[in-house]
Peer 1: 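I have a structure here, written as structure tokens, and I will follow up with some questions on it.
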Amino acid sequence: MNRPSDKVCIVTFGCQMNKLDSDLLRGELARAGFSCAERPEEADVVLYNTCSVRDHAEHRVLSHLGAYRRRAESEPDFVLGVIGCMAQRMADQLLARFPFVDVVCGTRAFLRVPAYIRRAQQGGGPIVDVGEESPGGRFEFDRAARMRQEDHSAYVSVMRGCDNFCAYCIVPFVRGRESSRPPQEVVREVRRLADDGVREVTLLGQNVNSYGGGLEPPVGLADLLERVNGVDGIERVRFVTSHPRDMTDGILRAMAGLEKVCEHLHVPAQSGSDVVLGRMRRDYTAAQYRDMVARARELVPGLMLAGDFIVGFPGETERDFRLTLRLLREVRYQQSFIFKYSPRPGTAAARWEDDVPDRIKRERNQALLVAQEEVDTERRAGMVGRRVEVLVDGLSKADERHLSGRTRGNDIVVFDPPQGARPENLTGRLVTVELTDSTPLTLFGRLSGRG
Ligand code: SF4
């Protein structure tokens, strides 16, 4: 039986990499005798797994931490921890502002978190570890023990860090340099996941196209996709995030030729202006990005693209912004993630004047959102009448009488369960759905076949 102080809640901010880290850490904590709580109020140990990519994400964590002052002071056994990117970037500042935080543990020391919690439970000063990789490396987490959020779909980390040093980005500073996981280890994990009922895996890397750097014998993302495609029981394979410069024909041909690899790419452009791209140190021009998109669409029929854009980068003029808007309209993304620039201390761009007023950033942000919605509404309407393969995620969150799932192109589809059937029985199955209607965010359809 757990002691009262063995219930841990992890609150996760940020990207899929952080969500995966939280899942992995839950597995480690379970092995160390802790149990999980869904909500912080139910837990005696609360860990914030944090994100430093944007100012806004950091502010949200800071405001959450402030709310624990009274609890930390009145409950001596309560343990509060900050882990991940913010811990790595600003450990001293965190402790100066929130002296009641017990554990501050950076991105490279997750394996040591359970031991730190035990130490913190025994009292003493705050424990800070923003040092090197845990012994054995962070890929040594016991994958079988991890607590996944979904049964049929899983993220698999294939590499960490980034060597690109884009001028605005904090990732190389908090996550370190690129390091790839050997392919046989990735495949072993995917096999275990398949045995555990997983049908879809998403291979994760901050810069996944450059997978394999430093590995011997040499191996690339295309080889890895082929190996993962060969794992029995897995029905779909995805990978994120791609750098436009590193999108080789070999990767695109592998996508086209391997039946389980979905026709979907997340390949951030960030800007449509060569001047801004140059200052961002993205290492491609808008024309090269357009060429990459054309090549990808030619080699991978039916390809869907998701993109990222930053508005209000230092020095971005109205003309620069118009070029971005034009690129977004031309490429016709399935989805765009649009962000207002905020300086990240320590990056190259943080030394430049943040000279685009917030009002202009908000206007540009809004203009891109509107353009994306127009593009997407038209695209979805054009899909009505088609039959598509859907992996069923479960009951629709908006209305539990319906089922919801995703196409290979990552569109959400809502449809009715078969008459008389228990809808949950279809979760994790591939079905064919005929699309009958569309809204800006969702496609609707009727079941026309089961996988
Ligand atoms: S490639 Fe991505 S993760 Fe790497 S520095 Fe650039 S924006 Fe950051």
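Ligands are counted one by one from 1 in listed order, and the atoms in each one are counted from 1 as well. Below, each value reflects all heavy atoms present in this structure, side chains not excepted, and no hydrogens, waters or symmetry copies. Fair warning: this is a prediction, and the values are worked out from it, not measured in the lab.
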Peer 1: Is it possible for you to check whether R181 lies under 6.0 Å from the centre of the six-membered ring of Y211, through NZ or CZ, and within 45° of that ring's axis?
Peer 2: no
Peer 1: What pairs with F13 under ring-ring contact (aromatic ring centres under 6.0 Å, His included), at least two apart in sequence or on another chain?
Peer 2: H64
Peer 1: Could you tell me which residues satisfy ring-ring contact (aromatic ring centres under 6.0 Å, His included) with Y333, sequence neighbours excluded, listed by chain and number?
Peer 2: F309
Peer 1: Going by ring-ring contact (aromatic ring centres under 6.0 Å, His included), name the residues that satisfy it together with F444, two or more places apart in sequence or in a different chain.
Peer 2: none
Peer 1: How far is atom 7 (S) of ligand 1 from its nearest protein heavy atom, and which residue and atom name does that atom have?
Peer 2: Y168 OH, 3.4 Å
Peer 1: What are the protein N, O or S atoms, given as residue plus atom name, that sit under 2.8 Å from atom 6 (Fe) of ligand 1?
Peer 2: C166 SG
Peer 1: Taking S404 for the side chain and S396 for the main chain, is one N or O donor matched with an acceptor at less than 3.5 Å?
Peer 2: no
Peer 1: Does A286 offer a backbone N or O that forms a donor-acceptor pair with the side chain of D274 under 3.5 Å?
Peer 2: yes
